[in-house]
Student: 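Encoded as structure tokens, here's the structure I'll be asking about.
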Amino acid sequence: MPDHSPRPRVLDVLGADEPWEVPDEWVDGFRGQLRAWAGEPGALRPGVFPEFVEGTPAAVWLAHQVAPLLAGWIPVLQGEYADLAAVLTRDFHRPAVRFGGAGYVVRVAATDWPLQAVSGARGFPEDARLQALRLSRDVVSLFADAPPLAARARALTAAFDRVLADREATRMHVAADYDTIEQFWRTAVLSDAERAVLPELGGPSAAMKYSLDTLRDVHGKLSAVVAGDETRDFAQLLARVIRATGLRGQPAAVGQILGVAGWDVEYAIADLERGFDPRVWLARTTDWLGRAIAEDQEALARSWVAAATRVSVQLAGVPDRGAWPDPEVPDLGAFFRLLQRPAPVVPEPVEVIEPLVEQPEPVVDEPVADEPVVEEPPIPAPVMSDGPLAELDALVGLESVKDAVRRMVAEIKTNQRRQEFGLPAQERARHMVFVGKPGTAKTTIARLLARIYKELGVLESGHVVEVDRSDLVGPTVGTTAPMTAAKFREALGGVLFVDEAYTLVPENAPGDFGLEAVATILKMMEDHRDKCVVIVAGYHREMQRFMESNTGLQSRFPKLLSFSEYDTDQLVAIFELQARQQGMIYTQAVLDRVRRVIPPAPRGHNFGNGRFIRNLLEEAISNQATRLALRDPSTLTERDLRELLPEDVKPAASMRAEDYLLQKPGT
């Protein structure tokens, strides 16, 4: 009889010996403990957790932050429970984007990640800081019986226990500044054995040394048992990783760690100047790993991929918000497809022995084992949400806008530090003017700013109230001011975003009621100073006229952010990002089709930019559904349901005619 028992859910940490079939009882017990903490009246609740329900205690947020990182320094997590943090905090976590299925996730964090609860409690009284220290220990200890997380969880728990047992060390955590606490952990807290399993807590240099040492070690072992290409030598391997990651030369920090061996890497990089194609090398590497798996060296192959991923991520600067390696180094998608291929059937009269870890059903149109893996359509990595600043960095283009936001954040943090020392803060009004065409992410940036300001304590709630003329201007005398005031009060504690603000002062209409709306906004900005950020947005030329319509506007809106129109490459990149967020698979042929559908420059004044791409993707998904409806549903595989084909990409019927009119662009 067929077995109808539930399939075990798996957490597969790539560098671990084997996947972990996560018991339902363990997950239920963990969630129960989080709910118990949430029910405690005295639970620490800093209230600065975006995407969590209101009132979420710090324990829940900390569990969400540390869960993946207890798996390793820059771990690669795969399986149904790859997004372990979301699984455990499901009762409280409400992310904008959820990662599902049995894909993989690569997580990174700062080298002081275990101290996040302590850091977050700096603005609290001493008893709350002590509570945060104890809380850190208690949350980490919950993972001590999870096999792939146990070693790091136990080492970290022991370190917290020593700190709590030492009166002076505890007092320092309660009273000292954060920089002192962080330095104490880097130099004095961990034993040698604990430092070996938590190397990143020694700082960036220690983390890089650990990553390089582990890659050198596992590469030597794997190369000794599986014949490879010209990358048998570690210096040659590292040179190729450096170039494939997008760097032209060896970073100084790497050279300092390697010492004399760094010269070998320099020579190897120079040799690559004669011709090096990262994608060809990645394909060869995938083939080498495939042979390792075929020769029963899967454990070494997994360890090699985990170590190479750590090195490439650090080289690319991702922990410091640098760009993710592109192409991904190594090719994780191709490697996981190698792992998921079914084992060959043994020709015996007895039943076929199943693998120890159940894998997704094989795709019917997957190539046979001796075909090149690189010919399969790539499956993009899932897009994760890691806070507003990370989401800001993930946006396509907008470099000048991103830089302006980072400078605003730096200014706020500097002023907060000045206030801690009793120095006068150099505060400026935070109201802004956004200028740019439709679909250039003006509203998106407004929402991210609201969340960033909430995290920094500048705004109380960080919500956004989006309005236009119809929300502010009444139909008769005496109705405009109350309508505008009501919307402004609704925005207190957050952001009031006025889209197409120039429509409040139409040309050649001196008695228009919109002038009263502008006057009311200015008065309430003065009455509720620092309780609301007002952002007015619209086209460049029209917004210039708007700012000149009232003498009080320019002085109250000191900052202007200009949103450039996206070029064709950026629009295609937006399609890729949004498709990945929808869980769709695409090929280069699909992207080529998208490129052909995008109207050529110069584009119309009202061209939708990102909005155009969103409509295009929605139409493609709808066309895919129509195509699949002609087939027998029982024959559809997961790949069929996720894969877009070039014929699915057509101009959306719902797009406005202006999206295609080749007018002179607006200014």
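Residues take their numbers from the sequence shown, with the count starting at 1.
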Student: With a 3.5 Å cut-off and no angle check, do the side chains of D112 and Y178 form a donor-acceptor pair?
Tutor: yes

Student: Would the distance check show the side chain of S211 and the main-chain N or O of R310 forming a donor-acceptor pair, the cut-off being under 3.5 Å?
Tutor: no

Student: Can you list everything that forms a ring-ring contact (aromatic ring centres under 6.0 Å, His included) with W263? Sequence neighbours excluded, please.
Tutor: none

Student: If I compare all heavy atoms of A207 with all of W73, which pair ends up nearest, and what's the gap?
Tutor: CB-NE1, 3.5 Å

Student: Say you draw a straight line from NZ of K402 to CZ of R406; how long is it, rounded to the nearest 0.5 Å?
Tutor: 6.5 Å

Student: Side-chain donor-acceptor pair under 3.5 Å between D177 and T180, yes or no?
Tutor: yes

Student: Check whether the ring centres of F160 and W185 lie less than 6.0 Å apart, and answer yes or no.
Tutor: yes

Student: Scan side-chain atoms only and decide if E200 and T111 contain a donor-acceptor pair under the 3.5 Å cut-off.
Tutor: no

Student: Could you state the interatomic distance from CG (L156) to CD (E194), rounded to the nearest 0.5 Å?
Tutor: 8.5 Å

Student: So, does Q250 use its side chain to make a donor-acceptor pair with the main chain of G262 at under 3.5 Å?
Tutor: yes

Student: Check this for me: does any side-chain nitrogen of one of R291 and D287 sit under 4.0 Å from a carboxylate oxygen of the other?
Tutor: yes

Student: Nearest heavy-atom pair of L164 and R137: which atoms, and what distance?
Tutor: CD1-CB, 4.2 Å

Student: Rounded to the nearest 0.5 Å, how far does CG of D91 lie from CZ of R35?
Tutor: 5.0 Å

Student: Just by distance, with hydrogens left out, do W26 and D145 show a side-chain donor and acceptor under 3.5 Å apart?
Tutor: yes

Student: Nearest heavy-atom pair of H173 and V163: which atoms, and what distance?
Tutor: CE1-CG1, 3.4 Å

Student: If every non-hydrogen atom of L198 is compared with every non-hydrogen atom of A155, which pair is closest and at what distance?
Tutor: CD1-CB, 3.9 Å

Student: Aromatic contact between W288 and W304, with the criterion being ring centroids under 6.0 Å apart: yes or no?
Tutor: yes

Student: In Å and rounded to the nearest 0.5 Å, what is the CZ to CD1 distance from F276 to I242?
Tutor: 10.5 Å

Student: Under the 3.5 angstrom rule, does the side chain of E295 hit a backbone N or O of A292 as a donor-acceptor pair?
Tutor: no

Student: Has the side chain of R152 got a donor or acceptor atom that lies under 3.5 Å from a matching backbone atom of V197?
Tutor: yes

Student: Using 0.5 Å steps for rounding, measure from the NE2 atom of H219 to the OG atom of S303.
Tutor: 14.0 Å

Student: Give the minimum heavy-atom separation between V254 and L238, together with the two atoms involved.
Tutor: CG1-CD2, 4.1 Å

Student: Nearest 0.5 Å, please: how far is CD in Q78 from CG in L14?
Tutor: 8.5 Å

Student: What's the verdict on side chain to side chain donor-acceptor pair (under 3.5 Å) for R45 and T56, showing C-alpha distance, side-chain angles and the deciding distance?
Tutor: CA-CA 7 Å; R45 305 175 195 271; T56 294; over 6 Å; no

Student: I'd like to know whether H64 forms a ring-ring contact (aromatic ring centres under 6.0 Å, His included) with F92, so could you lay out the CA-CA distance, the side-chain angles of the two residues, the decisive distance to 0.1 Å, and finally the verdict.
Tutor: CA-CA 10 Å; H64 184 275; F92 305 88; over 10 Å; no

